[in-house]
Amino acid sequence: MKVVVLAAGTVHAYDRVRRLVGEPDLVICADGGIRHAEPLGLRPGLILGDFDSADLTMLTALQAEGIPVQRVPVEKDQTDTQLALNEAVRRGAAEILLVGGAGSRLDHTLANLLLLPGYTVPITMADGKNVARLLRPGMEMAVHGQPGDYLSLLPLTPVAAGVTVSGVKWPLAQATLRWGESLGVSNQLAGSRAAVSVDDGLLLVIQAWD
């Protein structure tokens with residue numbers, strides 16, 4: 001089951017995000033994320049939030065169409081985005097696309113990225129300029145794109161060891177990436193496909209476009 005979660009952050013290029021959306025089984029809007037539904041051609045199955053960022057006219061119209069709305073307290077221990085991800089998992093998501101998880105608020109952007117290791121369900125975070133995914137030890141990730149696409153690898157643990165990358169301008173073989181270093185930043189795809197693997201630690205794999 002594929003679930004799309006629309007958060008209230010920025011979407012830079014709807015066309016690029018639309019190619020990732022495909023045909024989801026469920027769309028959950030987290031508060032102000034409802035504004036991304038129409039440009040992406042999506043109909044929400046659930047709207048969830050404390051509604052401090054949602055367009056109330058849009059919210060009222062969608063509610064009048066029969067779309068379920070779940071209100072949560074303003075004062076709470078989890079963000080609307082995390083609650084939406086939790087709801088996606090509760091409903092049986094096998095994969096999640098998180099759209100609008102990044103924006104002008106650095107704290108929200110970092111918080112959303114740091115949510116990824118907490119879920120066993122694979123989550124792709126996209127905003128039209130960036131696609132971020134978490135790579136766990138013993139797995140290989142394929143990255144598809146065009147020559148020159150940026151590919152950055154950032155450790156989400158103090159050390160990510162045994163990092164191997166092929167199909168890029170600067171290949172790595174059993175490299176070690178550490179906090180406080182920038183070795184994995186701004187590599188580039190050499191062709192249409194790259195492959196990334198890590199033996200130990202957690203690795204954030206980010207494909208980016210200027």
Side-chain angles (χ1 to χ4, degrees), residues 3-18 20-21 24 26-40 42 44-60 62 69-90 93 95-119 121-135 150-158 179-180 182 184-186 202-210:
V3 178
V4 173
V5 172
L6 303 180
T10 304
V11 174
H12 298 282
Y14 285 107
D15 288 346
R16 190 174 280 141
V17 172
R18 201 176 291 120
L20 296 172
V21 167
L26 174 65
V27 176
I28 300 176
C29 294
D31 207 317
I34 59 175
R35 72 178 186 275
H36 300 311
E38 184 176 354
L40 290 171
L42 297 174
L46 173 67
I47 303 170
L48 178 153
D50 55 25
F51 305 119
D52 62 346
S53 64
D55 182 307
L56 296 182
T57 300
M58 186 179 298
L59 177 64
T60 300
L62 291 170
V69 173
Q70 181 178 331
R71 292 184 178 271
V72 299
V74 174
E75 297 184 6
K76 55 190 181 296
D77 294 332
Q78 296 176 320
T79 63
D80 293 335
T81 298
Q82 185 173 6
L83 292 173
L85 292 173
N86 292 347
E87 184 66 19
V89 172
R90 190 186 72 80
E95 59 175 312
I96 298 172
L97 175 64
L98 172 59
V99 177
S104 60
R105 285 280 301 272
L106 182 59
D107 52 349
H108 280 285
T109 300
L110 287 174
N112 289 335
L113 287 169
L114 293 174
L115 286 175
L116 303 186
Y119 293 89
V121 174
I123 300 174
T124 298
M125 188 168 155
D127 64 7
K129 278 197 170 185
N130 308 276
V131 176
R133 293 182 287 169
L134 179 70
L135 183 61
Y150 291 112
L151 182 64
S152 290
L153 309 176
L154 304 175
L156 284 186
T157 46
W179 284 354
S182 55
V185 176
S186 289
L202 299 176
L203 199 61
L204 189 64
V205 179
I206 303 176
Q207 185 178 7
W209 301 266
D210 282 328

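Here, residue 1 is the first one in the sequence, and each next residue gets the next number. Note that the structure is a prediction, hence the values are computed from the model and not measured.
Two residues are said to be in side-chain contact when any heavy atoms from C-beta on lie closer than 4.5 Å; Leu98 and Thr124 fail this criterion. Side-chain atoms of Val21 and Leu97, non-hydrogen and from C-beta on, do get closer than 4.5 Å to each other. Side-chain contact between Val17 and Leu40 is present, with at least one heavy-atom pair separated by less than 4.5 Å. Taking the side chain as every heavy atom from C-beta outward, Ile34 and Leu6 never approach each other to under 4.5 Å.
In Glu38, the CD atom is not crowded: 12 or fewer heavy atoms of neighbouring residues, nucleotides or ligands sit closer than 6.0 Å. In Tyr119, the OH atom is crowded: over 12 heavy atoms of neighbouring residues, nucleotides or ligands sit closer than 6.0 Å. Other residues, nucleotides and ligands place more than 12 heavy atoms under 6.0 Å from the CG atom of Asp107.
Residues passing the side-chain contact (heavy atoms from CB on, under 4.5 Å) test with Leu114, sequence neighbours excluded: Leu156. The side-chain contact (heavy atoms from CB on, under 4.5 Å) check on Asp50 picks up Asp31, Asp52, Val72, Val74, Lys76, Asp80, with sequence neighbours excluded.
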Please test Phe51 against Val69 for side-chain contact (heavy atoms from CB on, under 4.5 Å), starting from the C-alpha separation and ending with a verdict. CA-CA 10 Å; Phe51 305 119; Val69 173; 3.5 Å; yes
> Does the pair Leu113 and Leu204 meet the rule for a side-chain contact (heavy atoms from CB on, under 4.5 Å), with working shown?
Replying inline: CA-CA 9 Å; Leu113 287 169; Leu204 189 64; 4.1 Å; yes
- Task: May I have the step-by-step check of side-chain contact (heavy atoms from CB on, under 4.5 Å) for Ile96 and Val5, ending in yes or no?
- Result: CA-CA 7 Å; Ile96 298 172; Val5 172; 4.0 Å; yes
Item to check | side-chain contact (heavy atoms from CB on, under 4.5 Å) between Trp209 and Arg16, intermediate numbers included | outcome: CA-CA 11 Å; Trp209 301 266; Arg16 190 174 280 141; 3.6 Å; yes
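Between the CG atom of Leu42 and the CD1 atom of Ile28 there is a distance of 12.5 Å, given to the nearest 0.5 Å. The line from CD of Gln78 to CG of Asn86 is 5.0 Å long, rounded to the nearest 0.5 Å. Leu20 contributes atom CG, which lies 13.5 Å from atom CE of Met125 (distance to the nearest 0.5 angstrom). Leu154 contributes atom CG, which lies 12.5 Å from atom CG of Leu202 (distance to the nearest 0.5 angstrom). Rounding to the nearest 0.5 Å gives a distance of 8.5 Å between CG of Leu135 and CG of Leu153. For the atom pair Leu48 CG and Gln70 CD, the distance stands at 4.5 Å (nearest 0.5 Å).
With Arg71 contributing its side chain and Gly49 its backbone, the two residues share no donor-acceptor pair below 3.5 Å.
Between Lys129 and Asp127 there is no salt bridge, since no side-chain nitrogen of the basic residue lies less than 4.0 Å from a carboxylate oxygen of the acidic one.
Closest approach of Ala126 and Val131 over heavy atoms only: CB-CG2, 4.2 Å. Residues Ala93 and Val3 approach most closely at CB-CG2, 3.6 Å, considering heavy atoms. Contact detail for Gly103 and Thr10: the closest heavy-atom pair is CA-OG1, 3.8 Å. Contact between Ser152 and Ser186 at its shortest, heavy atoms only, is OG-N, 2.8 Å. Between Ala132 and Ile206, the shortest heavy-atom contact is CB-CG1, 4.0 Å. Considering every non-hydrogen atom in both Ser53 and Gly32, the closest pair reads OG-N, 3.2 Å.
Evaluated for a side-chain contact (heavy atoms from CB on, under 4.5 Å) with Asn112, the options Leu115, Leu110, Leu116, Thr109 yield exactly one hit, Leu115.
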